[in-house]
Amino acid sequence: MVNEKEVFGFGLMRLPQTDADDPASIDMEEFTKMVDYYMDHGFNYYDTSYAYHNGKSEGAFKEAVTDRYPRESFRIIDKLPTWALTCEEDNQKYLDEMMERLGVEYFDKLFIHNINEAWWPLAEKAKTFDFLEKMKEEGIAKEIGFSLHAKPEVLKSVLEKHPIFDFVQLQLNYLDWNYPQMRVNELYEIAVEHGLDVLVMEPLKGGALINLPDDAAAMLKERDPDASIASWGLRFAASLDAVKIVNSGMNRMSDMIDNVETFTDFKPLSEEEFEFLEEVSKTVRSKIAVACSYCKYCVEHCPNEIPIPDYFGMYNSDKQATNNTNFFNYGILSQVHGKASDCTECGACLEFCTQSLDIPKYMKDVAEYFEKEE
């Protein structure tokens, strides 16, 4: 049985905000309450990044955790900003800044952030793999690894070239498990073959496995009326043998309470429940127009500052159940950001999409749908 005191990680990518439009506006009062609830129930694993919340996540962690709890009482996981590395010296520069922001002298786990086809060469050029190995030798990092948003072939190549890692962090959820476009089950098997621990990000696919189509949600509720929709996704990831941590991004106390309940006296899925979730997946996939996980990496590279994930979210929502609010919100957002029709098909977003989506194609669909009456 999974040890519930180990497997539940607090992901610090989607913290509560005082201004929904400003990722840097972390609601410290709410976040601190969530931290205390999490710690009071025996959990202590925090996953952050140099980049989260426009660089403010690490400082918020220091204020809510490092300044208030003894170092031995918590585990902190952080990630070097792969995309920002220009030379070997950058590794130490960013590491020093991360440690200062967090107020710590060592990391429980240290990552290379988001290895993919585009950023892997940057890490190689900056000798970041060698740097991580050195940090482990010096005790700055207890364990080293990387997060990955790429095809199985990339994961296999990285591990064969650099057999130095303790773990890999994968986007893993029941919707993508057997989905040919994502091939998550293959990624998992490769990690297992190389003897690595698997850490999980996006177990709820950026909220897509909470805001399910009505018929899919009804399937889950009929199966277990007392279980939350979110609990199914979390239990799926945590029930896999090689998974050691399931990170959950929570932006309100109610999410924290529900997640703590899920992981306390944790009950792994049965084989029948695994099969049941595959049927739910088929229902969900048939209704989702754009399988976006709302990671926002594409936005950072869009020259026209189009809020791509927000538009995809509105589009998905309206395709499932038409709602005039989505048209209204699209109109408001497009007044201060680029419209979907402003997409020039430059392709700058494509290599950074964690879902391998044809974003320019979908932007045309979104523009046709929401701008048809202009």
Side-chain angles (χ1 to χ4, degrees), residues 1-17 26-27 29-48 60-61 64-65 68-69 73-77 169 171-175 177 198-212 214 216-277 280-281 284 293-294:
M1 179 174 289
V2 176
N3 182 340
E4 70 273 8
K5 301 307 180 189
E6 296 293 328
V7 75
F8 174 30
F10 191 167
L12 307 185
M13 182 181 179
R14 298 184 176 95
L15 296 176
Q17 298 173 198
I26 297 172
D27 185 338
E29 182 178 359
E30 183 72 0
F31 176 39
T32 301
K33 290 178 182 178
M34 293 169 70
V35 163
D36 290 344
Y37 190 90
Y38 181 69
M39 298 287 277
D40 287 346
H41 285 79
F43 303 101
N44 68 0
Y45 183 103
Y46 298 88
D47 176 284
T48 189
F61 174 84
V65 183
R68 301 173 60 245
Y69 288 91
S73 69
F74 63 83
R75 291 175 289 168
I76 181 63
I77 286 72
Q169 184 153 296
Q171 176 179 289
L172 190 156
N173 55 72
Y174 69 79
L175 186 64
W177 184 250
V198 175
L199 315 180
V200 174
M201 56 185 162
E202 303 289 7
L204 302 176
K205 200 173 173 68
L209 296 186
I210 299 175
N211 302 310
L212 294 172
D214 290 344
M219 292 172 69
L220 296 177
K221 281 301 180 183
E222 182 178 354
R223 177 79 183 215
D224 187 345
D226 296 326
S228 70
I229 298 296
S231 69
W232 284 98
L234 299 174
R235 288 179 62 215
F236 173 87
S239 296
L240 298 168
D241 289 340
V243 169
K244 303 303 178 185
I245 292 291
V246 177
N247 291 299
S248 180
M250 299 161 282
N251 58 22
R252 54 191 175 186
M253 180 60 81
S254 58
D255 294 338
M256 173 62 76
I257 293 171
D258 180 59
N259 284 197
V260 164
E261 182 177 344
T262 297
F263 285 105
T264 301
D265 298 324
F266 180 79
K267 297 177 178 61
L269 292 180
S270 66
E271 285 300 319
E272 184 182 4
E273 287 175 317
F274 274 113
E275 294 172 3
F276 166 68
L277 283 182
V280 175
S281 297
V284 175
S293 70
Y294 209 77

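Because the structure is predicted, anything quoted here is derived from the model rather than measured. All values below come from the heavy atoms of this structure, side chains included, with hydrogens, waters and symmetry mates left out.
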Shortest non-hydrogen contact between Ala64 and Thr32, atoms and distance: CB-OG1, 3.9 Å
Is Glu275 salt-bridged to Arg223, cutoff N-O under 4.0 Å? no
Would you indicate whether the side-chain heavy atoms of Tyr45 and Asn247 approach each other to under 4.5 Å? yes
Nearest heavy-atom neighbours spanning Ser231 and Ser228: OG-O, 2.7 Å
Please report the interatomic distance OG(Ser293) to CD(Glu202), rounded to the nearest 0.5 Å. 5.0 Å
For Tyr69, which residues count as a ring-ring contact (aromatic ring centres under 6.0 Å, His included) partner, sequence neighbours excluded? none
Under the salt bridge (Lys or Arg N to Asp or Glu O under 4.0 Å) rule, what pairs show up with a residue in residues 228-249, not counting sequence neighbours? Arg235-Glu273
If only atom types and distance count, is the side chain of Lys221 paired as donor or acceptor with the main-chain N or O of Ile229 below 3.5 Å? no
Met219/Leu212 under side-chain contact (heavy atoms from CB on, under 4.5 Å): CA gap, chis, key distance, verdict: CA-CA 10 Å; Met219 292 172 69; Leu212 294 172; over 6 Å; no
Nearest heavy atoms of Leu204 and Ala230, plus distance in Å: CD2-O, 3.4 Å
Heavy-atom closest contact (Gln169 atom, Met201 atom, distance): O-CE, 3.5 Å
Tyr46 vs Phe61, ring-ring contact (aromatic ring centres under 6.0 Å, His included): CA-CA, chis, key distance, verdict: CA-CA 9 Å; Tyr46 298 88; Phe61 174 84; 5.2 Å; yes
Contacts of type side-chain hydrogen bond (donor to acceptor under 3.5 Å, both in side chains), residue Asn251, not counting sequence neighbours: none
Nearest atoms (heavy-atom pairs only) where Leu175 meets Leu209: CB-CD2, 3.8 Å
Nearest heavy atoms of Ala238 and Phe263, plus distance in Å: CB-CE2, 3.8 Å
Against Phe43, only a single residue in Tyr38, Phe74, Phe10, Tyr37 fulfils ring-ring contact (aromatic ring centres under 6.0 Å, His included); can you say which? Tyr38
Stepwise ring-ring contact (aromatic ring centres under 6.0 Å, His included) test for Trp177 and Phe274: CA-CA 11 Å; Trp177 184 250; Phe274 274 113; 8.1 Å; no
Would you list the pairs meeting salt bridge (Lys or Arg N to Asp or Glu O under 4.0 Å) in which at least one residue belongs to residues 29-45, sequence neighbours left out? Glu29-Lys33, Asp36-Arg68
Asn44 versus Met39: any side-chain heavy-atom pair under 4.5 Å? yes
Can you find a heavy atom in the side chain of Asp27 that is under 4.5 Å from one in the side chain of Leu15? no
With Glu271 via salt bridge (charged side-chain N to carboxylate O under 4.0 Å, His left out) - residues at least two apart: none
Give every residue pair that meets the salt bridge (Lys or Arg N to Asp or Glu O under 4.0 Å) criterion with at least one member in residues 254-263, sequence neighbours excluded. Arg252-Asp255
